[in-house]
Amino acid sequence: MDEGSRTIYLNMQATNPKDPCALDAILPIYAGLYGNPHSHTHPYGWETKKVIDIALEYVAKLSGAYPKGIIFTWGATGSNNMSIKYMARLYKSKKHIIALQTEHNRFQALSAAFGESSSRVAR
């Protein structure tokens, strides 16, 4: 693939180029670990949990955070949903959510659900 002749792709929401070092680190995991890290009754789960714990420690060290304060999600939608729900619980006295028409449809659906409860949603 000739990088110089390709058009510039700016929608990084769908996917993004992988750093070669990161790709080299993750490929063996993709190819060999497929156990559920929450399954504590078999080696497949234990192996995967160990790798995730190592990743948590690494990210914590890089970011200066505590490993227990880091949450890996499956993508933007999961991250947005978790963040909105967390903030709504944390700031119960705040009853106003602002959702732009340009927001991702899952964000709009989640904010609408809060609007049907006790929060007011501005669009």
Side-chain angles (χ1 to χ4, degrees):
M1 203 174 307
D2 182 15
E3 294 295 325
S5 64
R6 297 186 74 190
T7 54
I8 298 171
Y9 182 69
L10 298 176
N11 181 2
M12 296 299 184
Q13 286 183 287
T15 187
N16 58 359
K18 306 299 179 264
D19 180 275
C21 293
L23 190 58
D24 287 344
I26 198 72
L27 278 176
I29 296 165
Y30 282 161
L33 291 178
Y34 41 84
N36 180 344
H38 305 290
S39 295
H40 304 284
T41 58
H42 53 75
Y44 297 107
W46 303 334
E47 292 171 341
T48 306
K49 173 88 167 85
K50 183 177 179 182
V51 170
I52 290 173
D53 288 345
I54 291 169
L56 282 170
E57 291 288 338
Y58 184 74
V59 170
K61 185 176 180 183
L62 286 174
S63 65
Y66 293 105
K68 291 188 181 221
I70 297 170
I71 300 171
F72 292 141
T73 65
W74 63 93
T77 300
S79 298
N80 289 341
N81 284 343
M82 184 183 65
S83 298
I84 299 302
K85 290 176 182 176
Y86 174 79
M87 295 306 287
R89 280 197 299 258
L90 183 64
Y91 297 104
K92 289 180 184 175
S93 65
K94 307 289 184 187
K95 301 292 182 189
H96 194 106
I97 296 173
I98 299 173
L100 303 176
Q101 291 296 326
T102 55
E103 297 288 355
H104 187 279
N105 62 357
R106 290 305 307 144
F107 177 84
Q108 287 197 13
L110 181 62
S111 59
F114 279 107
E116 290 169 5
S117 62
S118 59
S119 297
R120 198 174 106 227
V121 178
R123 293 174 196 232

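In what follows, residues are counted from 1 in the order of the sequence shown. Note that the structure is predicted; figures quoted are calculated from it, not measured.
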Any pair counted as side-chain hydrogen bond (donor to acceptor under 3.5 Å, both in side chains), so long as it reaches residues 54-71, sequence neighbours left out: none

Quick check on the hydrophobic clustering: are Y91 and Y86 connected, directly or via other members, by side-chain heavy-atom contacts under 4.5 Å? yes

Tell me, please, which residues at least two apart from D53 pass side-chain hydrogen bond (donor to acceptor under 3.5 Å, both in side chains). K49

Pairing residues for S79 by the side-chain hydrogen bond (donor to acceptor under 3.5 Å, both in side chains) criterion, not counting sequence neighbours: T73

Result block: side-chain N/O donor-acceptor pairs under 3.5 angstrom for residues 32-40, not counting sequence neighbours:
from	atom 1	to	atom 2	distance (Å)
N36	OD1	H38	N	2.8
H40	NE2	H38	O	3.4

By the rule that ILVMFWY residues connect when side-chain heavy atoms come within less than 4.5 angstrom, directly or transitively, which residues belong alongside I70? I52, L56, V59, F72

For residues I29 and I54: do they belong to one hydrophobic cluster (side chain heavy atoms under 4.5 Å, members Ile, Leu, Val, Met, Phe, Trp, Tyr)? no

Keeping to residues at least two apart or across chains, list the side-chain hydrogen bond (donor to acceptor under 3.5 Å, both in side chains) pairs with something in residues 17-28. N16-K18

